[in-house]
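Here the structure is laid out as structure tokens; the discussion comes afterwards.
Numbers restart at 1 for each chain; the letters A, B, ... are given by sequence-line order, proteins then strands.
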There are 2 protein chains.
Amino acid sequence: MVARAGLSRDRIVEAAAELADEVGFAQVTLSAVARRFGVQVASLYAHVDGADDLRAGVACLALEELADTAGGALAGRSGRDALVVLGDVYRDYAAAHPGRYDAARFPLDPATAAASAGPRLAELTRAVLRGYHLGRADETHAVRLLGSVFHGFTSLEAAGGFSHSRPASSTSWARILDGLDVLLRSWAADAPDHSHARRTTR
Amino acid sequence: MVARAGLSRDRIVEAAAELADEVGFAQVTLSAVARRFGVQVASLYAHVDGADDLRAGVACLALEELADTAGGALAGRSGRDALVVLGDVYRDYAAAHPGRYDAARFPLDPATAAASAGPRLAELTRAVLRGYHLGRADETHAVRLLGSVFHGFTSLEAAGGFSHSRPASSTSWARILDGLDVLLRSWAADAPDHSHARRTTR
DNA sequence: GTTATTGCCTAAAGGCATTAGGAACGAGGG
DNA sequence: CCCTCGTTCCTAATGCCTTTAGGCAATAAC
């Protein structure tokens with residue numbers, strides 16, 4: 001008699017993601033999602049394996065969205081351009097979807113982490129760095145540096161750390177991306193690219 | 001008849017901080033703290049104004065400890081030295097007290113934030129940067145850059161982001177601090193220090 | 001049109017947060 | 001000595017969230 005709500009894991013996770021953006025990732029709760037669907041809480045257990053699984057689902061969704069937009073935005077770009085674009089993808093995503101962005105840092109167990117879009121994201125930043133022709137070790141250091149700056153800046157910005165003081169955080173962001181570019185260039189000078197050297201070995 | 005537990009706000013917050021380091025900041029709960037003291041939950045309300053106030057207390061404690069150790073470690077140092085020491089203070093604190101470190105990023109309402117040791121910490125990083133003789137604007141950008149890198153790196157490291165791959169994260173950390181030093185030097189070259197220029201104006 | 005599956009429900013138990021009000025402990029004045 | 005009085009801690013009750021178990025009804029297969 002009563003119309004079915006038409007639940008599915010995807011629809012539930014999607015609703016949870018919207019909820020996260022509205023009220024914060026920490027407030028994402030099975031009860032709230034059930035209310036949103038006009039459904040009893042227990043019904044969700046048919047599709048989701050409890051509250052943590054729901055949060056993990058939102059995390060995976062966020063990682064996927066991030067990787068997708070990064071992949072699209074990065075197409076055809078390299079060097080400084082690519083660096084700026086990648087940074088902006090993170091920052092813009094965090095601004096547009098604060099709850100989802102928070103979710104992206106939810107600790108996943110190794111198996112789901114490996115199956116998530118996380119590795120794809122890492123690969124994308126490695127691709128950006130390839131334009132700087134760093135040495136093997138420096139490339140890893142650089143991946144970590146970029147991850148730290150992107151994550152650190154966006155999360156501090158989201159937490160309001162920069163909001164009540166001049167200059168505008170966007171100005172700092174631009175200056176910081178600039179700085180990273182010159183920093184990576186200096187690393188490139190330190191350690192010439194081994195993979196492309198000896199091209200003329202004959 | 002029953003011996004009193006001798007509760008006080010400080011003792012409760014301290015216990016909550018220990019708990020945070022043991023089981024994670026998110027798991028810091030009035031119930032758990034009450035259990036630790038062998039006391040009923042409601043008894044805590046005489047000293048603490050609810051769960052959020054308890055968390056805020058832990059946050060303030062963490063900020064204070066951070067600012068204290070940073071202040072001590074920074075004494076008599078400047079330039080690259082000071083930069084490395086400040087970074088290490090953050091990283092070491094996060095490693096030794098993961099729960100407290102997490103707490104330090106708990107959003108405080110403006111009043112308590114202003115009264116906390118947060119501003120003192122910001123002042124300390126500004127002091128470190130004074131050694132690089134940046135322009136006014138660049139100094140702010142640099143404060144944000146350092147905050148982003150320190151926070152981003154330590155939190156990614158704590159989340160296990162770097163743990164399962166070579167090279168060791170300590171190596172990256174050293175390389176990154178080095179990089180920040182050269183980056184700040186390049187900014188100094190861009191915009192000479194106005195406060196000390198024109199010394200010879202006559 | 002009957003059967004099997006699945007989707008959603010009710011019911012129940014357990015944990016955490018919060019408030020209200022009561023009892024026992026400690027200290028100080030009579 | 002004892003009597004208040006403030007403080008410390010308690011019991012009790014309410015409400016929200018999670019999780020599990022078991023039941024009925026809508027959909028899909030035949």
Side-chain angles (χ1 to χ4, degrees), chain A residues 1-61 99-100 102-103 106-109 112, chain B residues 1-61 99-100 102-103 106-109 112:
Chain A
M1 178 130 218
V2 182
R4 296 209 170 171
L7 300 181
S8 75
R9 179 167 227 273
D10 285 353
R11 293 215 332 127
I12 289 174
V13 168
E14 174 66 29
E18 287 168 15
L19 197 68
D21 287 337
E22 290 165 18
V23 302
F25 182 60
Q27 274 66 49
V28 168
T29 181
L30 286 176
S31 296
V33 173
R35 263 193 300 276
R36 176 163 294 216
F37 280 109
V39 143
Q40 294 299 315
V41 181
S43 307
L44 300 179
Y45 279 82
H47 308 277
V48 174
D49 203 13
D52 266 5
D53 183 47
L54 175 66
R55 298 198 183 96
V58 177
C60 288
L61 175 64
R100 285 156 144 102
D102 247 41
F106 182 76
L108 301 169
D109 61 284
T112 52
Chain B
M1 177 133 227
V2 183
R4 296 212 166 172
L7 299 181
S8 75
R9 180 168 225 275
D10 285 353
R11 292 212 336 124
I12 289 175
V13 168
E14 175 64 29
E18 287 168 15
L19 197 68
D21 287 336
E22 290 166 18
V23 304
F25 183 60
Q27 273 66 49
V28 169
T29 182
L30 287 178
S31 296
V33 173
R35 261 193 301 276
R36 176 163 296 216
F37 281 108
V39 145
Q40 294 299 314
V41 180
S43 306
L44 300 179
Y45 279 82
H47 308 277
V48 173
D49 201 13
D52 268 5
D53 182 48
L54 175 66
R55 296 197 184 96
V58 177
C60 288
L61 175 65
R100 286 154 144 104
D102 246 42
F106 182 77
L108 300 170
D109 62 283
T112 52

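Near DNA chain D, defined here as any heavy-atom distance below 4.0 Å, there are no residues from residues 12-23 of chain B.
Side-chain contact between A/Phe106 and A/Val58 is absent, with no heavy atoms from C-beta onward closer than 4.5 Å.
Side-chain N/O atoms of B/Thr29 include none lying less than 4.0 angstrom from OP1 or OP2 on C/dC16. Considering only side-chain N and O atoms, A/His47 lies under 4.0 angstrom from the phosphate OP1 or OP2 of C/dC8. Close to C/dC9, at under 4.0 Å from its OP1 or OP2, lies a side-chain N or O of A/Ser43.
Here D/dT8 presents its C1' atom at 14 Å from CZ of B/Phe37, a figure rounded to the nearest Å. The interatomic distance linking B/Arg9 (CZ) with D/dT7 (P) rounds to 17 Å, in whole Å. Look at CD on A/Gln40: it is 13 Å from P on D/dC17, rounded to the nearest Å. With rounding to whole Å, B/Arg55 atom CZ is found 12 Å from C/dC16 atom P. Atom pair B/Gln27:CD and C/dG15:C1' shows a separation of 13 Å (rounding to whole Å applied). Taking atom CG of B/Asp53 as the reference point, atom C1' of C/dA17 lies 14 Å away to the nearest angstrom. In this structure, CG of A/Leu7 is placed 17 Å from C1' of C/dT5, rounded to the nearest angstrom.
Under the side-chain contact (heavy atoms from CB on, under 4.5 Å) criterion, B/Asp102 pairs with B/Phe25, sequence neighbours left out. In terms of the side-chain hydrogen bond (donor to acceptor under 3.5 Å, both in side chains) criterion, residue partners of B/Thr112 (sequence neighbours excluded) are, by chain and number, B/Asp109. Every residue two or more places apart in sequence or in another chain that forms a side-chain hydrogen bond (donor to acceptor under 3.5 Å, both in side chains) with A/Glu14 is listed here: A/Arg100. In terms of the side-chain contact (heavy atoms from CB on, under 4.5 Å) criterion, residue partners of B/Arg36 (sequence neighbours excluded) are, by chain and number, B/Ala15, B/Glu18, B/Leu19, B/Glu22.
When distances are taken from the side chain of A/Ser31 to each of C/dC16, D/dC9, D/dT18, the shortest belongs to D/dT18.
Here salt bridge (charged side-chain N to carboxylate O under 4.0 Å, His left out) pairs that include residues 37-48 of chain B, with residues two or more places apart or in two chains, number zero.
Between B/Cys60 and B/Leu108 the shortest heavy-atom distance is SG-CD1, 4.3 Å. The nearest pair of heavy atoms linking A/Ala103 to A/Ala59 is O-CB, 3.2 Å.
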For residues 43-55 of chain B, which side-chain N or O atoms pair as donor and acceptor with protein atoms under 3.5 Å away, sequence neighbours left out?
unit_1  : atom_1 : unit_2  : atom_2 : d
B/Ser43 : OG     : B/Gln40 : O      : 3.3
B/Asp52 : OD1    : B/Arg55 : NH1    : 3.2
B/Asp53 : OD1    : B/Arg9  : NH2    : 2.8
B/Asp53 : OD2    : B/Arg9  : NH2    : 2.6
B/Asp53 : OD2    : B/Asp49 : N      : 2.9
B/Arg55 : NH2    : B/Val28 : O      : 3.3

Pairs under 3.5 Å (N/O, protein and nucleotides 18-20 of chain C):
unit_1 : atom_1 : unit_2  : atom_2 : d
C/dT18 : OP2    : B/Tyr45 : OH     : 2.9
C/dT18 : OP2    : B/Ala51 : N      : 2.7
C/dT18 : O5'    : B/Tyr45 : OH     : 3.3

